[in-house]
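Have a look at the structure below, then the notes.
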Amino acid sequence: MEKNNETLRTLRHSVSHIMAQAVQNLFPQAKLAIGPATDTGFYYDFDLTDGYAFTEDDIAKIEDEIKRILKENLTFECYVIPDVDAQIAEFKAQGEIYKAELLEEHRNDNPTLYLTKDKDGKVLFNDLCAGPHVPSTSYIKANAIKLLKVAGAYWCGNENNKMLQRIYATAFWNKEDLQSYLTFLEEAEKRDHRKLGNALDLFSVREEVGGGLVLWHPNLAIVREEIENYWRSEHRKRGYVIVNTPHIAKSKLWEISGHTGHYRENMFFINDDGEEYVLKPMNCPFHILIYQANRYSYRQLPLRMGELGTVYRNEKSGALAGLTRVKGFTQDDAHIFCTPEQMVDEIDAVIDFVSDTLKIFDMSFEVELSTRPESFVGEISNWDKAEAGLKEALDNRKMKYEINEGDGAFYGPKIDFKIQDALGRTWQCATIQLDFNLPLRFDLKYQDKDGVLKTPVMLHRVIFGSMERFHGILIEHYAGAFPTWLAPTQAVVVPISNEKHADYAEKVYKKLRDAGIRVQLDDRSESMNYKIRENLQDKKTPYVLVVGDKEIEANSVAVRARGIGPAGVLTVDDFTEKITEEIKSRAANLTIKE
RNA sequence: GCCGGCAUAGCUCAAAGGUAGAGCAACGGUUUUGUAAACCGUAGGUUGUAGGUUCGAUUCCUAUUGCCGGCUCCA
């Protein structure tokens with residue numbers, strides 16, 4: 001067997017068997033559930049039956065036991081189950097109820113066991129498993145295995161089932177690969193937006209306010225302002241109208257929209273003297289009401305209506321995390337009302353919008369198309385047309401995408417765009433959803449060519465998804481070192497001597513400030529070296545401008561660029577012009593260098 | 001919501017059944033610097049909250065809140 005990336009999953013799967021064997025050696029009561037390989041390692045789920053949970057000590061002991069087992073040089077052998085009923089009975093007799101359940105499910109798939117044997121042919125461990133496996137433990141390097149963490153996980157991923165103990169681990173062909181993976185994890189941790197959010201004074205979440213309710217500090221508010229400016233101008237260019245709507249509405253509205261039925265547990269309710277209000281979990285009903293305020297002819301469609309709308313969703317407490325999963329967030333929401341004929345072009349235009357936008361941030365994304373779920377509303381013929389429309393739009397531009405059968409919303413199919421964060425986790429940000437439900441519920445109409453009143457097609461779409469989540473991803477994407485157009489402070493003027501150069505420094509500072517650059521004057525009584533280091537390294541400011549005698553002489557600044565070093569001596573006008581161009585073009589990298 | 005872990009100064013972390021210490025930041029002073037951390041000093045904490053055990057709890061126990069890693073859910 002060749003040791004390459006394709007067979008790495010096989011190795012990991014084999015190590016998961018060894019880990020299960022080690023666990024059962026140390027914890028004979030442990031029942032086996034499943035233990036697959038993943039993209040970055042593997043895990044195994046155990047039921048410890050007595051409610052016991054693995055401790056850190058246990059993990060260390062299991063790791064030692066794995067090493068001990070590996071020294072025995074065992075072989076993996078496939079064994080076709082001759083009599084499924086007998087094997088199920090045996091699993092049950094052993095108390096392996098999960099294996100019995102799995103075998104029952106796979107009874108017609110020619111199920112196999114994999115046996116782990118010692119050199120005398122004695123079976124030390126067996127597991128219901130389709131394989132494949134490495135031939136023997138000689139392929140497994142003890143120093144290339146690492147048990148990473150313990151977590152609870154429901155049997156079959158269903159929250160009504162028993163919670164099992166999952167051990168996450170990873171394995172590589174050699175210890176160097178393991179080491180570089182662990183280094184990657186450490187690096188990723190440094191990029192964590194929650195750490196950087198604190199270190200760079202970007203945002204906070206306070207207990208007194210509540211979990212998932214974000215306080216945007218001035219630094220991140222500047223980033224957001226720039227992003228919102230981009231968002232607004234881009235929407236105007238692309239023919240959207242922008243609206244504003246309230247944060248609360250009477251329950252009645254949410255009954256019409258169907259939210260009180262389908263979305264109730266995520267909603268916040270407010271009572272005022274017998275009148276019940278809801279804190280809006282979505283913006284759609286308001287936009288629909290704005291549509292309803294006018295009669296539309298086919299000539300006036302499509303109507304593209306956008307809003308930076310703040311919504312509140314009562315998430316399960318354990319679901320909250322930093323900026324990426326919150327209770328109150330602002331969606332860059334828009335709803336497009338169009339005729340069925342216009343649908344594909346509108347979808348196409350939104351895909352354009354998403355790609356153009358993510359390109360600016362140098363972000364890569366994956367596309368998923370989700371189709372009709374089991375329970376759905378509307379006509380099947382409409383669903384088919386809509387799915388075909390989404391596919392057509394994606395195929396027309398030769399975009400790669402995966403299809404998630406049956407994963408659409410109950411009201412329509414959708415295209416999701418997923419961005420990766422620093423740890424390689426993917427986050428749904430942009431999404432385009434077709435909706436057959438709300439136009440009917442609100443009885444929306446437009447008058448067509450033939451004079452007949454017809455129901456428009458409605459598209460929900462977001463580009464960033466939520467401002468909170470997008471900023472979380474943005475922080476990690478740039479590791480806190482924002483490009484100049486987004487940087488809270490774009491340049492800092494540092495006089496070499498406050499006594500001799502303060503006046504000139506202030507002159508430079510004012511000139512840049514008046515040119516619209518976010519500049520600061522660092523005239524603290526600190527050494528020049530300290531200021532350079534702090535501003536570039538700690539605060540991650542793009543440019544430090546050092547000024548002394550020579551610069552006064554030449555009316556210039558000595559530029560030092562973040563992560564680059566000395567970036568030449570420019571006249572103040574020259575620097576202003578260059579940085580202004582860099583900001584205006586929303587350059588992804590620093591452009592002023594030597 | 002579920003399983004597990006954690007909670008000490010503004011931040012990052014130590015220590016410990018006899019009420020806690022460092023670095024950075026802050027403040028005061030000295031220094032006025034030519035390209036990624038000058039020096040000296042001062043101040044700063046009911047150890048998340050509420051109970052319990054104990055002569056004594058910040059440490060042990062219980063509850064609670066928040067956060068972290070997952071599961072479920074999701075923009």
Side-chain angles (χ1 to χ4, degrees), chain A residues 43 45 48 51-56 59 148-168 189 192 194-195 198-199 201 204-212 263 265-266 281-282 309 311 313-327 329-333 416-419 427-431 433 460-470 472-473 494-502 523-538 544-551 558-560 562-567 569:
Chain A
Y43 64 82
D45 287 348
L48 295 179
Y52 183 78
F54 291 120
T55 64
E56 285 203 15
I59 295 303
L148 297 168
K149 56 202 172 195
V150 187
Y154 299 108
W155 167 238
C156 293
N158 184 328
E159 63 183 320
N160 298 316
N161 287 343
K162 184 164 184 183
M163 181 155 272
L164 309 174
Q165 291 279 308
R166 173 174 297 179
I167 301 178
Y168 280 96
E189 210 173 308
D192 189 314
R194 292 163 300 194
K195 286 196 172 178
N198 196 18
D201 194 15
S204 58
V205 179
R206 293 286 299 260
E207 194 177 332
E208 303 90 309
V209 181
Y263 211 70
E265 61 178 21
N266 282 303
M282 294 185 189
V311 298
R313 299 183 185 174
N314 200 356
E315 300 291 341
K316 290 178 179 177
S317 60
L320 303 175
L323 290 177
T324 46
R325 196 70 196 276
V326 291
K327 276 186 181 168
F329 55 100
T330 301
Q331 292 182 303
D332 63 317
D333 211 355
D416 290 330
F417 299 79
K418 303 203 166 177
I419 305 176
W427 289 99
Q428 184 181 322
C429 291
T431 172
Q433 306 183 348
H460 306 248
R461 59 104 271 208
V462 286
I463 307 282
F464 297 127
S466 89
M467 297 309 269
E468 283 71 10
R469 176 174 292 180
F470 189 76
I473 293 167
V494 171
I496 288 173
S497 157
N498 281 339
E499 287 177 2
K500 287 194 281 177
H501 313 126
D523 57 359
R524 291 174 299 169
S525 173
E526 296 286 352
S527 71
M528 177 191 66
N529 281 327
Y530 174 85
K531 292 182 197 176
I532 289 171
R533 183 188 163 99
E534 193 198 47
N535 284 298
L536 291 178
Q537 180 174 289
D538 299 345
V544 162
L545 311 175
V546 177
V547 296
D549 292 337
K550 288 184 228 164
E551 286 70 27
V559 183
R560 203 175 173 85
R562 178 188 64 203
I564 295 172
V569 179

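Order of the sequence lines fixes the chain letters, A, B, ..., with proteins taken first and strands second; residue numbering starts at 1 for each chain.
- Within 4.0 Å of A/Val311, counting heavy atoms only, lies no atom of the nucleic acid at all.
- Across all strands shown, B/C67 forms a Watson-Crick or G-U wobble pair, both distances under 3.5 Å, with B/G5.
- Between A/Tyr530 and B/A25 there is a side-chain N or O to OP1 or OP2 distance below 4.0 Å.
- Using atom C1' as the reference point in both B/G21 and B/A16, the two lie 11 Å apart (nearest Å).
- Here, B/U8 and B/C3 have their C1' atoms 27 Å apart, quoted to the whole Å.
- Remark: C1' of B/U12 and CD of A/Glu189 are 14 Å apart, rounded to the nearest angstrom.
- Not one side-chain nitrogen or oxygen of A/Arg325 sits closer than 4.0 Å to the OP1 or OP2 atom of B/C73.
- Residues A/Asp332 and A/Ile463 share a closest heavy-atom pair of OD2-N, 3.0 Å.
- Here, B/A7 and B/C61 have their P atoms 12 Å apart, quoted to the whole Å.
- If you check every strand for non-hydrogen atoms under 4.0 Å, A/Glu551 touches a base.
- When both distances must be under 3.5 Å, the Watson-Crick or G-U wobble mate of B/U46 does not exist.
- The base of B/C67 does not come close enough to the side chain of A/Arg194 for any donor and acceptor atom to sit less than 3.5 Å apart.
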